[in-house]
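A note on names: the letters A, B, ... follow the listed sequences, proteins ahead of strands, and every chain is numbered from 1. Every heavy atom of this structure was used, including side-chain atoms; hydrogens, water molecules and symmetry mates were not. Values in this document were obtained by computation on a predicted structure and should not be read as measured data.
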Amino acid sequence: MKTLSLVVPVYQTRDYLCRCLDSVLVPEVLDELELIVVNDGSRDGSDEIIRRYQRRYPGTLVSIDKENGGHGSTINAGLALASGRYFRVLDSDDWFDTPAFIRMMLRLKDRREDLIVTPYTREYTETGASLCYDYPQWQEGRSYRADALSLSPDGSYVCMASATFRTALLRACRLHLTENSYYVDMQYLLFPIPFLESFCLIRESVYRYAIGRASQSVSRKSMLNRLSQHERILCSLIEYYASFCASLDPSRRRYMTAVIAQMYYTHLSLVRSADAGRMRAVLGFRKLERRAHERAPELYQKVGAFAYLRVSRRLHYLNLLFFRRLFRLLSVLGSHLIRLRGPA
Amino acid sequence: MKTILVIAWFYPPLCSSEGIVTYKLLQNSRYRYEVFTQKQTDSWTFGHGMALPSREGIHCIYAESRTPEAWAEEAFRYFCQNRDRFDIVMTRSMPPQSHAVGLRIKRAFPSVRWIASFGDPLSDNPYELLNGSSLSPYALSHPQNRDRRGDAAFLFSPSRLLHDLLWRLRHREGVRHFRSLRKLEKQTLVLADRLVFNNSSQQHLMLAKRPAGKNAHIIPHSYDPSLYPDLREHKTDGKIRFVFLGQLNETRTALPLLRAIRRLRDDVSDLETRAEFHFFGQMPDRDLAYIMRKELQSIVRYSPPVPYLDSLREAQRADWLIHIDAELSRVCRENPFFPGKVADYLGAGRPILAVGTANGALRDCLHRAGHLTLSFSANEIKEALYLILYADLHPEVNEELLRSFTAKAVAARFDEKVVQTLDEA
């Protein structure tokens, strides 16, 4: 059995694919790596690149060619095929730091935990800036029980770029991500949590998360365009949390609510700034709130700590529909006035 | 066959990128040319004395003037005196006075066909915008504010309006110069019979808001295989040699690459026995200081500029060639530059590692040709260097695409456009 099954979902990323594949297909790891490249119906020539690499690495690279079904569908397909002890996802427009990956692979062989966390680095490719996200709350190499799971001091949670799950754990939780939708990484990260028993941190910043493409799912513009998908995934997380919260220990409950709350606030901010279809977005948000209130009151209460949301609830969300620009203008004028008055 | 008058401030033996580009085009074209140029001053060049072979049919006329304005006046006089010998006039955009002469000729003699060839954009030059000397960074029309134009708070911000006003007062001269360039560019785009751009991104940028465009053509920069030496040297040290040729400055800096080298050295123990980075040209103090401070001297070497033909030899001797772009993402979404040096790199037949190449024609071309195009991320560059040095990464170069950049092929495309221009006459 190979140590790691690495799934690379590919959709129209011809320009970045070689960078991604080259960074993992190095002789030091070939014997221990199963690379599953899932072409999600790309029509930009990515399939040709995949075939070329498959010819070069027949014992390591497995490819799946499928109809377009979104990020979740590629992970579902990859997981169905995965035979490695551990499972990880690498988006095809990102890459791994090869020396760090080699070191991580060496150490992964001896690990038995359900989740291996590694720091990751965000690469702002337009400016060249990079920002490393670490998890200083955990000691390197130490095995933790699942109840030690927590957010890092800066509020970061274990994200797609930092998580390596035991394949058996993902199968045990019957992980199946929503298809034809963005933001399924939140499902990928939270669905296994109730089943998690142990985890450990390997302090190797392996994942290089490239930021800067306008079409990226995390760019504000594309998030606004896909507001309904964001809502759908958030709903699924609330439902999932509601069905498991009774059986979870307090720390895992805290962790899950904190992560869902972050997505909740992002959603509120998107609803607030939506121009097209704002009425529908606000109505959807009201529905979402009602559902959270009924199904997961603890979560509903926790997200209510945010003053703006509390005010919105009091005003029956009318502030999200009207006076938006007025509020913004007032706040801008206010900030200018403060600046003109100078320091107190 | 009548002769084409080329009005170009830069032309060999003056050593400048602009002159070399013009030289390669004319040298491989099948028409007769008179090049009205100058060798009184070598400002903005790397000096005199670039000995390049010249074919029959190209005759240079050297002006007496030392300033572009006086040179332009002389060029116009020369054309008027020899009006009957020329059906076509071609002007190059550096310096802009060359197009000003073309404009003057076109207005005085409307039947003369005018080809306006652009090296870089005149008015919306991203470098100028970045340096903040031509357009107020607080102006709504500045590209860095493109996403905030619909924002009422930004639009009516008293702070922005005040800053804008103060900036305009402080940069009166620059603003006036910018306006005159914009006017010249607009008139050139409207009146010239043929517009020649060197890449599609430049064309998009310059014709985006302009009425012209019907006669626009892309004639890319080229390489001339006959200028490269027949190299039979064998390396003995076993190191992979990365070579950068050209000018670096505070805007176009090698720092991301140097940072990547430093990080790689910290990651692996034997970098200095495996790789050598050699920079030829000018390097800003900040980059040199970084090399000293991080003790990279055993890996990174720096040499002053070398003559053009020597630079081609150095390019051929390299294992990898490095191209570095400026960080222009704040002021343009598509990089409109395609340096002539990159065409010479393509001709050297070595793989290219291009750093910071933003979206645009250059990136597309290098990518299609099989070369490595990287962002400014030091980690991404480090990763590429690691794979080159330790995993034997070697791009598969697209030979067919390379052939389309030979000076003969490019000049043939240019000649076609000349024929069309003559047919219209």
Side-chain angles (χ1 to χ4, degrees), chain A residues 14-16 18-30 45 52 93-103 120-132 204-205 207-214 220-221 275 325-337 339-340, chain B residues 147 150-162 253 255-257 259-260 263-264 266-269 325 327-330 332-333 355-359 363-364 366-368 370-396:
Chain A
R14 182 193 59 187
D15 291 355
Y16 311 96
C18 291
R19 174 181 73 184
C20 168
L21 298 180
D22 286 333
S23 73
V24 293
L25 289 165
V26 283
E28 289 88 338
V29 300
L30 288 183
R52 208 172 69 216
D93 50 355
D94 300 332
W95 74 96
F96 274 177
D97 179 277
T98 309
F101 178 53
I102 295 169
R103 289 194 293 268
Y120 73 101
T121 306
R122 285 186 177 213
E123 300 290 346
Y124 296 86
T125 52
E126 275 192 353
T127 58
S130 15
L131 197 57
C132 182
E204 290 289 355
S205 180
Y207 201 103
R208 298 288 186 251
Y209 181 14
I211 297 195
R213 281 198 304 131
R220 184 95 185 151
K221 205 172 158 190
D275 281 324
R325 280 179 195 271
L326 181 70
F327 274 121
R328 250 168 81 190
L329 206 60
L330 280 176
S331 67
V332 171
L333 284 176
S335 67
H336 279 303
L337 276 176
R339 241 181 279 165
L340 282 174
Chain B
D147 295 331
D151 185 346
F154 180 71
L155 215 66
F156 301 113
S157 157
S159 154
R160 182 190 73 78
L161 292 169
L162 187 66
T253 166
L255 275 181
L257 175 64
R259 281 194 197 107
R263 286 181 198 177
L264 186 61
D266 295 347
D267 241 18
V268 297
S269 54
D325 261 324
E327 209 275 90
L328 301 171
S329 63
R330 264 198 308 132
C332 62
R333 284 198 171 131
V355 173
T357 311
N359 289 337
R363 186 194 155 100
D364 289 348
L366 290 176
H367 206 84
R368 275 190 295 132
H371 299 287
L372 281 188
T373 51
L374 309 171
S375 70
F376 285 108
S377 155
N379 285 330
E380 188 187 1
I381 303 166
K382 185 198 105 174
E383 177 63 27
L385 293 177
Y386 179 87
L387 293 173
I388 291 167
L389 295 168
Y390 294 87
D392 200 22
L393 177 74
H394 207 84
E396 291 164 19

Next item on the list: Quick one: which of A/G128, A/P27, A/C18, A/A129 has the most heavy-atom pairs under 4.5 Å with chain B, could you say?
Entry: A/G128
Item checked: Side chain to side chain, A/Y124 and A/L131, heavy atoms closer than 4.5 Å -> yes
Notebook entry, point to check: Which answer fits B/R259, side chain, backbone, both or neither, if we ask what part of it has an atom under 4.5 Å from a heavy atom of chain A?
Noted result: neither
Next item on the list: Decide yes or no on side-chain contact (heavy atoms from CB on, under 4.5 Å) for B/D267 and B/K382, but give the supporting numbers first.
Entry: CA-CA 10 Å; B/D267 241 18; B/K382 185 198 105 174; 3.0 Å; yes
Next item on the list: Could you go through the side-chain contact (heavy atoms from CB on, under 4.5 Å) check for B/V355 and B/T373 one step at a time?
Entry: CA-CA 6 Å; B/V355 173; B/T373 51; over 6 Å; no
Next item on the list: Check whether A/T121 gets within reach of chain B through its side chain, its backbone, both or neither, counting any heavy atom under 4.5 Å.
Entry: side chain
Item checked: A/T98, part contacting chain B, at a heavy-atom distance under 4.5 Å -> both
Check: When heavy-atom pairs shorter than 4.5 Å are enumerated against chain A, which of B/S375, B/G356, B/P256 gives the highest number?
Finding: B/S375
Note to self: Walk me through whether A/F101 and A/V24 qualify under side-chain contact (heavy atoms from CB on, under 4.5 Å).
What the structure shows: CA-CA 8 Å; A/F101 178 53; A/V24 293; 3.9 Å; yes
Note to self: If I measure from the heavy atoms of chain B, does A/R122 come under 4.5 Å with its side chain, its backbone, both, or neither?
What the structure shows: neither
Check: Where on B/A378 is there a heavy atom nearer than 4.5 Å to chain A: the side chain, the backbone, both, or neither?
Finding: backbone
Item checked: Proximal component of A/F96, with respect to chain B [non-hydrogen, under 4.5 Å] -> backbone
Next item on the list: Below 4.5 Å from any heavy atom of chain A, which atoms of B/R263 appear? Answer side chain, backbone, both or neither.
Entry: side chain
Note to self: What I want to find out is whether A/D97 reaches A/R208 closely enough, with some N-O distance under 4.0 Å, to be called a salt bridge.
What the structure shows: yes
Note to self: For A/D93, is there an ion pair with A/R19 - N to carboxylate O distance below 4.0 angstrom?
What the structure shows: no
Checklist line | A/T125 vs A/I211 side-chain heavy atoms within contact, under 4.5 Å | finding: no
Item checked: Structural part of B/E380 lying under 4.5 Å from a heavy atom of chain A -> both
